[in-house]
Amino acid sequence: MSPVDFDSDDDKPLRAPNGGSNGHHHPNGNGHVPTQQRALSSMSDDEMPLATQDSSPLPATRTLKRKKPVYAESSSDDSEDDTPLAATPAKVAVAMPGAIQATTVPANGKGKAKSNVSKAAVSDDEYADSDAPKRKRAAKPKAKPPKKKVKQESSDDDDDKPLAAKKPSTSRKRKVKVESDVESDDEPIAKKAAAKKPRKVKSEETEKPPAKVKAEANGSATVKAEANGSPVKGKGKKKEKEKKEDEEQEEVFRWWDADAGDGSVKWQTLEHNGVIFPPPYESLPPNVKMKYNGKELDLPPASEEVAGFYAALIESDHAKDAKFNENFFNDWKTVLKKYPPLDNTKVTNFDLCDFRPMFEYFEAEKAKKKALSAAEKKELKKIKDDMEAKYTTCLLDGRKEKVGNFRVEPPGLFRGRGEHPKKGALKFRVRPEDISLNIGDNAPVPVPNIPGKWKEVIHDNTVTWLATWTENVNGNHKYVFLAAGSSLKGQSDMIKFEKARELKNHVDKIRQNYTQDLKSKVMADRQRATTMYFIDKLALRAGNEKGEDEADTVGCCSLRCEHVTLEAPNFIIFDFLGKDSIRYYNRVPVDAQVFKNIRIFKENKSDNDSLFDRVNTTGLNKHLQSEMKGLTAKVFRTFNASSTFQRLLDENTLENATLQEKLNAYNKANREVAILCNHRRTVPKTHEQSMEKVRDKQRGLKYDRMKLRHVLFKMDKKFRKKAEYQEDESDIDDEWIVSHEEDKMAKEIEKAEKKFAKENEKLTDDGKEAQDDSELKDRIANIKAEFKRLAKERGTGEAELTREKPAEKIEEAIQKLTEKIKASKLQIIDRDEGKEVALGTSKINYLDPRITAAWCKIHDVPVEKLFSKTLIVKFPWAMEVEEDWKF
DNA sequence: GAATATACTTAGAAGGGTCGAT
DNA sequence: ATCGACCCTTCTAAGTATATTC
């Protein structure tokens, strides 16, 4: 059985429609949410085997996750200056004029320390409104007493206890605070750092063939020379195909033809130029000042920069977000404390701030840039490209490879998705002192393009990153990796898909096993089986635990009771926020046992308790490994997406279809996968409007075709009988025709006027006399007469052309229009159905590119129609498949 | 064994570039 | 040649997975 059709009612894949309102979510049919829910609680569970062991299904109340706030400690008032963290950046500031490090603000500190104490205080009614669809996990603060949980644990048999992690008290992981280790400033950080870092620095004295590689590297550094005809590299692969200046194209390393390495060592030699830092902050011109309480505010660069971050956003949705504003303002105030306005104005009230002058200045600058001539823009771009050139590539084992994100993230305001508690917080400027480099130990250590020294330089060839740093807002790690088209990324991508294909060979057994386990007497196993069922059928994400200072989103293992609703006899309604706070709403029929299980799992729990309190992703993956080597939860998503795609393509592509029809079949399959994976985008504001435009255009085509038919009818009655001319233009009515003709006339007149004016201009330029206005009048009169005739023709079923044409020509023209109309119909459907589905994500990450490559070969479709240039560069390894290749 | 650290993949928004219609 | 819709790239946030630490 295919991975998705467990739904016996109709074997469409279960999809994950979009949230809410717009109706296109229910593939399975008119799904509307039933009014009656939880009718089942009364059902007795005959085979509720768990009873004994689980007699107290004590829900480990999953209190909220949430990690501790990174900087939350100082609850005291405003001594933020003293916060240790602040110190670090500040230091640098001195040394670097303009580079505002100032932004030392400890991401909003204090305050909201929802101490556990306060949590305890939260009353239960916070959970009370269970039917409120919005799962506000509001309760973050609360830590429900572990109550029975303890008991339960003891009573359960070992295998069966709730995972400790989910105990309320344990709550979630927290991220470690960002340390400012810059202390030891100026030491020869390089080697020493590596030493102190226990990390896997094994690379230190690994054997490598430096000499040889080195030589090669040097050679390839001179790409130019090479392009000129003297291949420096010894690779031999480089045939003379250099013809076009495909210098960047240079020989692609055909790693997929080479021997696979061991896997853990990622490279032997690595040379690169580090990262590029954004330019230091430049103050605004003196005439641009924001206002506070109506008065101009004279800000030092450090605080002006931060104000500018916000000013740029005042027209965006972010500025409408209270949390965003609050976080920004707190952080900005901290900066202001250190870098106050010159006149010492106290900025205390957000509502008194007027950032508009700054905003307008930015807009004007943007406009200025846009107004530059093409040549000027090109020039600027070239300057930038030249400056960045050396950072764009690196030498990996002597081969030139593209680097991905070599630009260090500039400072700004953190734009968290959804209800992220830190959104709007100030993200500091990153300095060399924050960055660790990873580079071959024989490679020269690059010098930062701004003053400063790297935090450390290590030589770890078991990882692929070139640089890393820790971001201050959430303490997350950032990395610089190679680009998507690099050999390293390509290899792991191919491995990913091969692993997903391997799952084909095990999936039957795995399904058999978990189907068994759905009835297991061991609660933990039963829950695990149920999560596997969802992950397999619905392609849900694994659902790791999240910390307290993150948006409240969930995946399969972290679902809470409030996220699933039962609807008899066998439907489950999922409604939760997943990755990126994208809503997942899906009403699906499920196996009777699954239905029963969910009912059991929900028993005696409150809405914000974990549904699968005995399952976590680590345990789940461990189990999966035992079913198939290398299997993890995410493999199911890849597997489901790619196999669904392959099947749909096979089913939907008709042999003799036109190119457009084939493309549509492809996009349709792509779209179904995107729906399965719940990949969404916000509907462009202009969508409806542009739909109407296209529809109108299509009606125009139909109108033209109708007119041509009428011409034929007038020429010879026999045409009226021809079957292909019987069809009616159903969606153009008389009213529309009238307005269409009027429109058309107006446009033609306007065109005639323009043309006339142009002709006259030309004449006078040539020193001749301009035409008389009467000429224009004549022309317009002609047009009007023409349209008068059209008006008369209305309803007669007959028409004539301004210029006569032979019947065959007209028939040909009709044929062409028919094709155009057909194509446009398809396009319209395609577009409307896809308005909120993002196809790109699945194409980039989930669909085995070999499916596409093979399909293109069989159906004679140029792959460029489906893959952008970057995708083609990303998937070189897939382009050579045999046409009969199947996922 | 939970918490944390690390490294890598997956994700939508924003903004810029391109391309087709006029 | 201009304009605007849309496609693509860029950016960086937000996941997954597993190793390491306490």
Side-chain angles (χ1 to χ4, degrees), chain A residues 67-68 163-167 170-177 197-200 266 313 316-318 366 369-370 374 377 381 404-405 407-410 412 414-418 420 422-423 427 436 438 460 462-465 468 470-471 473-479 481-484 488-489 492-493 496 541-547 550-551 553-555 557-558 578-582 616-622 624-625 630 632-635 637-638 677-682 684 686-687 689-690 693-694 697 747 751 754 831 836 838-846 867-871:
Chain A
K67 350 175 166 180
K68 268 173 179 169
L163 298 180
K166 310 205 168 175
K167 306 191 273 193
T170 4
S171 80
R172 302 15 174 62
K173 25 183 85 187
R174 70 213 54 179
K175 265 178 183 166
V176 173
K177 83 174 355 144
K197 234 190 174 152
R199 235 181 311 209
K200 12 180 171 177
K266 305 299 190 353
L313 300 177
S316 74
D317 287 344
H318 293 116
K366 249 188 255 170
K369 222 178 202 175
K370 212 163 117 190
K377 282 183 193 161
K381 179 157 193 307
N405 52 331
R407 293 182 196 92
V408 170
E409 296 176 16
F414 173 68
R415 273 124 128 148
R417 311 269 172 89
H420 193 118
K422 299 247 184 110
K423 60 176 149 183
K427 200 170 78 165
S436 299
N438 187 31
D460 184 351
T462 66
V463 295
T464 68
W465 56 266
T468 185
T470 302
E471 157 264 356
V473 176
N474 298 291
N476 288 331
H477 290 19
K478 303 287 192 151
Y479 293 88
F481 293 117
L482 296 194
L488 283 178
K489 293 288 194 186
S492 70
D493 224 28
K496 170 184 79 184
R541 294 188 184 85
N544 282 324
E545 297 282 311
K546 294 194 69 185
E550 300 176 278
T553 62
V554 297
C557 295
S558 51
K579 182 177 180 180
D580 292 311
S581 294
I582 295 295
N616 64 22
T617 54
T618 309
L620 172 62
N621 282 335
K622 234 167 230 161
L624 292 175
Q625 299 283 0
T632 62
K634 82 194 267 280
V635 178
R637 241 167 110 78
T638 312
C677 294
N678 203 37
H679 292 146
R680 311 192 20 206
R681 60 172 183 177
T682 54
T686 56
H687 176 78
Q689 182 188 333
S690 76
K693 217 174 200 172
V694 191
K697 202 167 122 197
K747 271 186 198 139
K751 212 162 118 190
K754 270 193 189 148
R831 188 183 320 181
E836 53 185 13
L839 302 189
T841 307
S842 49
K843 221 186 239 186
I844 294 168
N845 300 300
Y846 289 102
F867 280 179
S868 67
K869 200 179 108 210
T870 36
L871 282 185

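Order of the sequence lines sets the chain letters (A, B, ...), proteins ahead of strands, with each chain counted from 1.
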A/H420 NE2 to C/dG15 P, in whole Å, measures 10 Å
Taken to the nearest whole Å, CD/A/E471 to P/C/dC11 is 17 Å
Detail all sub-3.5 Å separations between protein N/O atoms and N/O atoms belonging to nucleotides 10-16 of chain B.
unit_1: B/dT10; atom_1: OP1; unit_2: A/K634; atom_2: NZ; d: 3.2
unit_1: B/dT10; atom_1: OP2; unit_2: A/K496; atom_2: NZ; d: 2.7
unit_1: B/dT10; atom_1: O3'; unit_2: A/Y846; atom_2: OH; d: 3.2
unit_1: B/dT10; atom_1: O2; unit_2: A/K579; atom_2: NZ; d: 2.6
unit_1: B/dA11; atom_1: OP1; unit_2: A/R541; atom_2: NE; d: 3.3
unit_1: B/dA11; atom_1: OP1; unit_2: A/R541; atom_2: NH2; d: 2.7
unit_1: B/dA11; atom_1: OP1; unit_2: A/R637; atom_2: NH2; d: 2.8
unit_1: B/dA11; atom_1: OP1; unit_2: A/Y846; atom_2: OH; d: 3.0
unit_1: B/dA11; atom_1: OP2; unit_2: A/H679; atom_2: NE2; d: 3.0
unit_1: B/dA11; atom_1: OP2; unit_2: A/Y846; atom_2: OH; d: 3.0
unit_1: B/dA11; atom_1: O4'; unit_2: A/K579; atom_2: NZ; d: 3.3
unit_1: B/dG12; atom_1: OP1; unit_2: A/R680; atom_2: N; d: 3.0
unit_1: B/dG12; atom_1: OP2; unit_2: A/T841; atom_2: OG1; d: 2.8
unit_1: B/dG12; atom_1: O5'; unit_2: A/R680; atom_2: O; d: 3.4
unit_1: B/dG12; atom_1: O4'; unit_2: A/R417; atom_2: NH1; d: 3.3
unit_1: B/dG12; atom_1: N2; unit_2: A/R417; atom_2: NH2; d: 3.3
unit_1: B/dG12; atom_1: N3; unit_2: A/R417; atom_2: NH2; d: 3.2
unit_1: B/dA13; atom_1: OP2; unit_2: A/T682; atom_2: N; d: 3.4

Are side-chain heavy atoms of A/R415 and A/L313 found at a separation under 4.5 Å?
yes
Any sub-3.5 Å donor-acceptor pair from A/K377's side-chain atoms to A/K370's backbone N or O? yes
Whole-Å distance, A/K422 NZ to C/dA14 P, equals 11 Å
- Message: Please confirm whether the shortest side-chain N or O distance from A/S492 to OP1 or OP2 of B/dC8 is below 4.0 Å.
- Response: no
- request: Please work out if A/G578 contacts a base, only the sugar-phosphate, or nothing of the nucleic acid, heavy-atom cut-off 4.0 Å.
  value: sugar-phosphate
Does A/K546 put a side-chain nitrogen or oxygen below 4.0 Å from OP1 or OP2 of C/dG15?
yes
Heavy atoms of A/N621 and A/A633 approach each other most closely as OD1-N, 2.9 Å
Of the candidates B/dC8, B/dT6, B/dA7, the side chain of A/T464 sits closest to B/dC8
Against the side chain of A/E409, the closest entry in C/dA13, C/dA17, C/dC8 is C/dA13
note: A/L624, atom CG; C/dA17, atom P; distance rounded to Å ~ 9 Å
Residues at least two apart in sequence or cross-chain that pass side-chain contact (heavy atoms from CB on, under 4.5 Å) with A/T464, listed by chain then number, are A/K266, A/F481, A/L488
Indicate, with a heavy-atom threshold strictly under 4.0 Å, whether A/G555 touches base, sugar-phosphate, or nothing. nothing
Below 4.0 Å: OP1/OP2 of C/dC11 and any side-chain N or O of A/N405: no
Residues at least two apart in sequence or cross-chain that pass salt bridge (Lys or Arg N to Asp or Glu O under 4.0 Å) with A/K369, listed by chain then number, are none
The reported gap from OG1 in A/T841 to NZ in A/K843 (rounded to nearest 0.5 angstrom) is 11.5 Å
Rounded to whole Å, NZ of A/K869 lies from C1' of B/dT18 at a distance of 12 Å
| message | At less than 4.0 Å, is any side-chain N or O atom of A/T553 found next to OP1 or OP2 of C/dA14? Yes or no. | response | no
* Do the side-chain N or O atoms of A/K427 get closer than 4.0 angstrom to the phosphate oxygens (OP1, OP2) of C/dA13? -> yes
Determine the contact category for A/F481: base if any of its heavy atoms lies under 4.0 Å from a base atom, sugar-phosphate if only primed atoms, P, OP1 or OP2 are that close, otherwise nothing.
-> base
Counting distance only, does the side-chain N/O of A/E471 pair as donor-acceptor with the main-chain N or O of A/N476 below 3.5 Å? yes
Rounded to whole Å, the CG-C1' distance (A/L482 to B/dA7) equals 13 Å
Separation of B/dA3 atom C1' from A/E545 atom CD, nearest Å, is 12 Å
From the candidates B/dA7, C/dT10, C/dA13, the one with an atom nearest any side-chain atom of A/K478 is C/dA13
Check: A/Q625 and A/T632 side chains under 4.5 Å, non-hydrogen atoms:
yes
Closest of C/dT10, C/dA17, C/dA13 to the A/A633 side chain is C/dA17
Looking only at C/dT9, C/dA14, C/dT18, the nucleotide nearest the A/F414 side chain is C/dA14
Per atom distances to the A/H477 side chain, the nearest of C/dT18, B/dA7, B/dT6 is B/dT6
Is A/T617 close enough to C/dT16 that one of its side-chain N or O atoms is under 4.0 Å from OP1 or OP2 there?
no
Rounded to the nearest 0.5 Å, the CG atom of A/N678 sits from the CZ atom of A/R637 at a distance of 8.0 Å
Is the phosphate of B/dA7, meaning OP1 or OP2, less than 4.0 Å from a side-chain N or O of A/Y479?
-> yes
note: A/N474, atom CG; C/dG15, atom P; distance rounded to Å ~ 11 Å
Original post:
Base, sugar-phosphate alone, or nothing: which one does A/K266 contact when heavy atoms must sit under 4.0 Å apart?
Top reply: sugar-phosphate
Taking OP1 and OP2 of C/dA17, is either one under 4.0 Å from a side-chain nitrogen or oxygen of A/Q625? no
By nearest-heavy-atom nucleotide on DNA chain C, the more 5' of A/K622 and A/V408 is A/V408
Considering only heavy side-chain atoms of A/N544, the closest of C/dT10, C/dT16, B/dA7 is C/dT16
